[in-house]
Amino acid sequence: MKLAFKTRPQNIEWSVMLETWKELDADPRYESAWVFDHFYPIYGSEEGPCLEAWVTLSALAQATERIRVGSMVNAAPYRHPGLCAAMASSLDIVSNGRLELGLGSGWNEVEAGAYGISLSERFDRFEEYLECVVSLLSEPVTNFEGRYYTFTEARNEPKGPQQPTPPIVIGGAGPRRTMPLVARWADHWNFPGGEAEKFAEVKARLVECCEEIGRDPAEITTSTHIIYQADDPIDNVLAQAEQYQQAGLDLAILYPFSDIDPASVHDMADALEPLVEPV
């Protein structure tokens, strides 16, 4: 499997995040690097600082040259699909085609409520959202009339270098609503986290959804988070990654739930190197 890294943009100094991503970019064992998309911290106190995902990701893309970049995942209710498509095209251009476009239906009722953002009927909205974004990224003009969104001869130019779209990443594990959307729209599915056995169970549901629409499930990259604390024994992290590899995982995303020492990313890659496919 391949290796990636995720930095939480909460309660972290910008200089630390920047140096971490530079170290990741310099280490060829890492395929991609990720942030999350929230207005408030989602771990610990909600009152702490949290950097906005798209601005942060754009700056990190300019500070790196090789590594692929993405947000795991952007909440659809936070940005109109026309805005999302325009931002994605622009970031794909300025990153020289390194964007992974993470999209999700949104879930954080606390921050959404504070900002006056509705999460009602979020999966119905998300179905329309995906269709609109993909069309805007790939078609000369978009015409769409749905329950939630309307586009009339809408243009999105210039488009990014990755065509027809940057890889679409959808996160979640819901068997009834999420997995059919992954089967239809995603190039990459992120299992948010949990036991490897649960990952295998949800992956089996994804295979069913792909078969229902005649799609090869091998076209969809699978990923999950390998969560750890800085003082966790390396063997524990390795064992967690091995379990997922045996369950058929394609991309392991290291996700520290503690302060980051930028140089430590190389130590983690050293530990997992026996499991890692070269980029």
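- Using modelled atom types, one finds a donor on one side chain and an acceptor on the other under 3.5 Å when comparing Tyr78 with Glu111.
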>> One pair to check against side chain to side chain contact (heavy atoms under 4.5 Å, CB included): Lys22 and Glu19. What are the steps and the verdict?
In response: CA-CA 5 Å; Lys22 288 180 177 180; Glu19 287 305 312; 3.8 Å; yes
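- Relative to the six-membered ring of Phe36, Arg8 misses at least one condition, a distance below 6.0 Å or an angle of at most 45° to the axis.
- For the salt bridge (charged side-chain N to carboxylate O under 4.0 Å, His left out) test with Glu201, the passing option among Lys198, Lys203, Arg205 is Lys198; the others fail.
- With hydrogens and angles ignored, the 3.5 Å screen pairs no side-chain donor or acceptor of His225 with any backbone N or O of Ile253.
- With hydrogens and angles ignored, the 3.5 Å screen pairs a side-chain donor or acceptor of Asn156 with a backbone N or O of Leu136.
- Glu65 CD: 12 or fewer foreign heavy atoms inside a 6.0 Å radius.
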>> Does Leu206 form a side chain to side chain contact (heavy atoms under 4.5 Å, CB included) with Phe191? I'd like the steps, not just the answer.
In response: CA-CA 11 Å; Leu206 174 58; Phe191 176 64; over 6 Å; no
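- In summary, the side chains of Thr64 and Arg98 do present a donor paired with an acceptor at a separation below 3.5 Å, with no hydrogens or angles considered.
- Looking only at side-chain heavy atoms (C-beta outward), Leu272 and Leu254 come within less than 4.5 Å of each other.
- A donor-acceptor pair under 3.5 Å links the side-chain atoms of Gln62 to the main chain of Val94, judged by distance alone.
- A donor-acceptor pair under 3.5 Å is formed between the side chain of Arg68 and the backbone N or O of Gly97.
- For the pair Gln162 (side chain) and Pro167 (backbone), a donor-acceptor distance under 3.5 Å is absent.
- In the model, Glu121 has a side-chain atom that pairs as donor or acceptor with a side-chain atom of Tyr148 under 3.5 Å.
- The distance between the ring centers of Phe199 and Trp189 falls below 6.0 angstrom.
- In this structure, Arg79 contributes its side chain and Cys84 its backbone to no donor-acceptor pair below 3.5 Å.
- For the pair Thr7 (side chain) and Val35 (backbone), a donor-acceptor distance under 3.5 Å is absent.
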